[in-house]
Amino acid sequence: MNRQILQLAIPSIISNITVPLLGFVDVAITGHMGDAHYMAAIAVGSMLFNIMYWMFSFLRFGTGGMTAQTYGQKNDEECALLLFRSQITSFAVALGLFVLQVPLFALAMWVIEPAANLINIIRSYYGICIFGTFPSLALYAFTGWFVGMQNTRFPMVISITQNIINICLSYVLVFFLDMKIAGVAYGTLIAQWCGAMMAVALIAWKYGGMFRALANLRAKVFRVEAFKRFFMVNQTIFLRTIFLIAVNLYFIAVGAKGGAVILAVNAMLMQFFIFYTYVMDGFAFAAEALCGRYYGAKDKGNFSLAMKGVWIWGLILTTAYTIFYVMGNDLMVSLMTNDIIIRFASRPYMPWVVAIPFCGLAAFVWDGVFVGITNIKGMLLGTFVGALAFFAILSFPYPFEIMTETRNHILWCAFDAYLIMRGVTQTVVWKIRPLTIDY
């Protein structure tokens with residue numbers, strides 16, 4: 001079982017680590033432009049797209065969980081049909097985002113309220129990257145399907161290739177062609193389309209026979225009962241994602257009110273959280289794939305072994321990350337920016353960042369298990385309670401005048417509490433209703 005977990009987790013970790021590495025490089029590139037406004041603008045611009053994509057993350061999670069269960073049942077035809085349904089949905093969503101790009105940008109600026117001198121820089125980034133919604137959402141569905149098929153190697157190859165292209169292009173366009181924020185945006189856009197085309201090519205090569213064997217494709221893809229189940233699972237994931245977005249959007253908004261330096265500091269420190277999440281997601285993906293597979297096969301013994309193994313590996317990884325953050329935080333900060341003001345301003349908040357791995361451990365492991373068994377309501381409840389804790393801490397009527405620095409400490413405290421309460425709530429759900437796994 002450990003071998004199965006690592007065979008799924010390690011490729012996912014390798015591919016996922018390139019995602020925060022990309023964000024790390026984007027922040028580092030803008031951090032070395034000599035102006036904190038570029039760093040602040042890229043933080044807001046990239047988060048806008050993260051929010052858009054997170055909102056429709058059901059394309060990844062719903063597809064992955066249902067495909068894993070279908071794979072466990074050895075139903076190749078339904079596995080193939082699930083990919084068609086998810087891609088049809090991803091195209092419809094991307095088209096809607098593209099058509100509504102102007103009001104969505106206006107709404108985001110109204111909510112976040114960035115400084116007036118940042119808006120044009122953000123708009124430049126947004127206007128280019130909006131064309132990447134189609135390949136990005138398609139890749140969400142492709143990745144979920146690959147994970148469900150117990151194949152994390154293909155997402156690894158796609159992600160590494162995509163991010164190498166992105167990093168190299170962004171560096172050349174910014175520092176050699178002096179394109180500034182537009183250079184980062186075009187590097188991202190080109191890499192997104194390359195990744196989607198690579199996914200199509202790999203599916204045709206590895207799984208072409210599965211799709212060629214399909215008969216009466218149109219009738220089967222649009223079967224009412226199957227699409228109804230697909231959307232019932234995904235609508236709950238969508239609602240859960242709304243709470244995730246609310247927390248992340250408000251986190252940015254509070255930081256933006258503290259000025260360009262605080263916004264840049266929070267953007268930089270958030271990279272520590274992103275590094276942990278994408279690596280930890282490797283074991284969450286393993287939990288999703290294996291728990292979903294053995295749930296579909298009704299193999300309770302292997303299901304329990306898989307869940308236990310993922311918890312052990314998650315604890316090992318979390319301990320290693322905490323040690324690394326304690327020992328290496330100065331080095332990471334110095335790599336991300338040479339701005340003395342930002343580096344100095346970030347130091348008081350480092351304890352909150354160091355606490356992130358243990359605060360988020362349970363939330364990430366349970367997310368993988370719950371997605372695998374499509375117990376999405378448990379995930380929804382955990383995220384709701386976590387968001388409730390986050391907003392309660394920030395809304396508490398403190399009996400003292402809150403300085404900008406103090407407000408930012410409260411913001412990071414609320415974020416850590418949000419992670420803790422997600423995990424605690426899902427643990428309670430599992431303890432109360434362990435028989436939701438009905439064999």
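All values derive from a computational prediction rather than experimental measurement. Values below: every heavy atom of this structure, side chains too, minus hydrogens, waters and symmetry copies.
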Beyond-backbone contact of I130 with T133, side-chain heavy atoms, under 4.5 angstrom: yes
Sub-4.5 Å side-chain heavy-atom contact between R347 and F344: yes
Non-hydrogen side-chain atoms of L189 and C129 separated by less than 4.5 Å: no
Test log, rule side-chain contact (heavy atoms from CB on, under 4.5 Å), inputs Y186 and L169: CA-CA 8 Å; Y186 277 118; L169 277 177; over 6 Å; no
Heavy-atom side-chain proximity of M280 to L361 below 4.5 angstrom: yes
More than 12 heavy atoms of other groups within 6.0 Å of F358 CZ: yes
Geometric class of the F415/W412 ring pair [parallel <30°, tilted 30-60°, perpendicular >60°]: perpendicular
F238 and T241: CA distance, side-chain angles, deciding distance, side-chain contact (heavy atoms from CB on, under 4.5 Å) verdict: CA-CA 5 Å; F238 179 83; T241 307; 5.5 Å; no
Taking every non-hydrogen atom, the tightest pair across G372 and Q69: O-NE2, 3.1 Å
Within 45° cone of Y53 ring axis and under 6.0 Å: R60 NZ or CZ: no
Closest heavy-atom pair and its distance - F154, K206: CE2-CB, 3.5 Å
Distance in Å, I128 CD1 paired with R123 CZ, rounded so as to fall on 0.5 Å steps: 13.0 Å
Pairing of R293 and E288 as salt bridge, 4.0 angstrom limit: no
Whether Q87 side chain and A138 backbone form a donor-acceptor pair below 3.5 Å: yes
Aromatic ring pairing H409/Y349, orientation class (parallel under 30°, perpendicular over 60°, tilted between): tilted
Contact summary for I342 and V265, nearest pair of heavy atoms: O-CG2, 3.7 Å
Atom pair CD1/SG of I420 and C359 - distance to nearest 0.5 Å: 3.5 Å
Distance-minimising heavy-atom pair for M198 and I158: SD-CA, 3.7 Å
N/O donor-acceptor pair under 3.5 Å between T152 side chain and L8 backbone: yes
Check against side chain to side chain donor-acceptor pair (under 3.5 Å), E78 and T70: CA-CA 7 Å; E78 186 60 25; T70 307; 5.7 Å; no
Donor-acceptor under 3.5 Å (N166 side chain, Q162 main chain): no
Heavy-atom closest pair, residues V254 and R407: CG1-CD, 4.0 Å
Point-to-point distance, once rounded to the nearest 0.5 Å, from CD1 of I356 to CZ of F273: 6.5 Å
Value rounded to 0.5 Å, distance of CG in L97 from CZ in F49: 9.5 Å
Residue pair I160, M156: steps toward the side-chain contact (heavy atoms from CB on, under 4.5 Å) verdict: CA-CA 6 Å; I160 291 174; M156 176 186 70; 3.7 Å; yes
Nearest heavy atoms of A141 and T63, plus distance in Å: O-CG2, 3.9 Å
V174 vs K180 side-chain heavy atoms within contact, under 4.5 Å: no
For R240, all residues meeting salt bridge (charged side-chain N to carboxylate O under 4.0 Å, His left out), sequence neighbours excluded: D367
Any donor-acceptor N or O pair under 3.5 Å, side chains N163, S159: yes
Side-chain polar contacts of residues 385-394 - donor-acceptor pairs under 3.5 angstrom, sequence neighbours left out - could you list them?
none

Flag side-chain contact, heavy atom, 4.5 Å: M52 against L137: no
Test item: side-chain donor near acceptor, T318 and Y276, under 3.5 Å: yes
side-chain contact (heavy atoms from CB on, under 4.5 Å) between L82 and R85, intermediate numbers included: CA-CA 5 Å; L82 278 167; R85 293 181 191 119; 4.1 Å; yes
S124 side chain to N120 backbone, donor-acceptor under 3.5 Å: no
Parallel, tilted or perpendicular: rings of F243 and F384 (30°, 60°): perpendicular
Mutual orientation of the aromatic rings belonging to F134 and F91 [parallel < 30°, tilted 30-60°, perpendicular > 60°]: tilted
Student check: side-chain heavy atoms of L381 and K377 closer than 4.5 Å: no
ring-ring contact (aromatic ring centres under 6.0 Å, His included) between Y325 and Y321, worked out: CA-CA 6 Å; Y325 283 173; Y321 255 80; 5.5 Å; yes
Would you be so kind as to tabulate the donor-acceptor pairs closer than 3.5 Å made by side chains of residues 100-112, with sequence neighbours excluded?
unit_1, atom_1, unit_2, atom_2, d
Q101, NE2, F98, O, 3.1

F211 side, atom CZ; I203 side, atom CD1 - distance, nearest 0.5 Å: 5.5 Å
Beyond-backbone contact of F146 with M149, side-chain heavy atoms, under 4.5 angstrom: no
Exceeds 12 heavy-atom contacts within 6.0 angstrom, atom CZ of R343: yes
Check: Y207 ring centre within less than 6.0 Å of W145 ring centre: yes
Spacing of L244 atom CG and R422 atom CZ [to the nearest 0.5 Å]: 5.5 Å
ring-ring contact (aromatic ring centres under 6.0 Å, His included) evaluation trace for F283 with F364: CA-CA 9 Å; F283 288 96; F364 287 103; over 10 Å; no
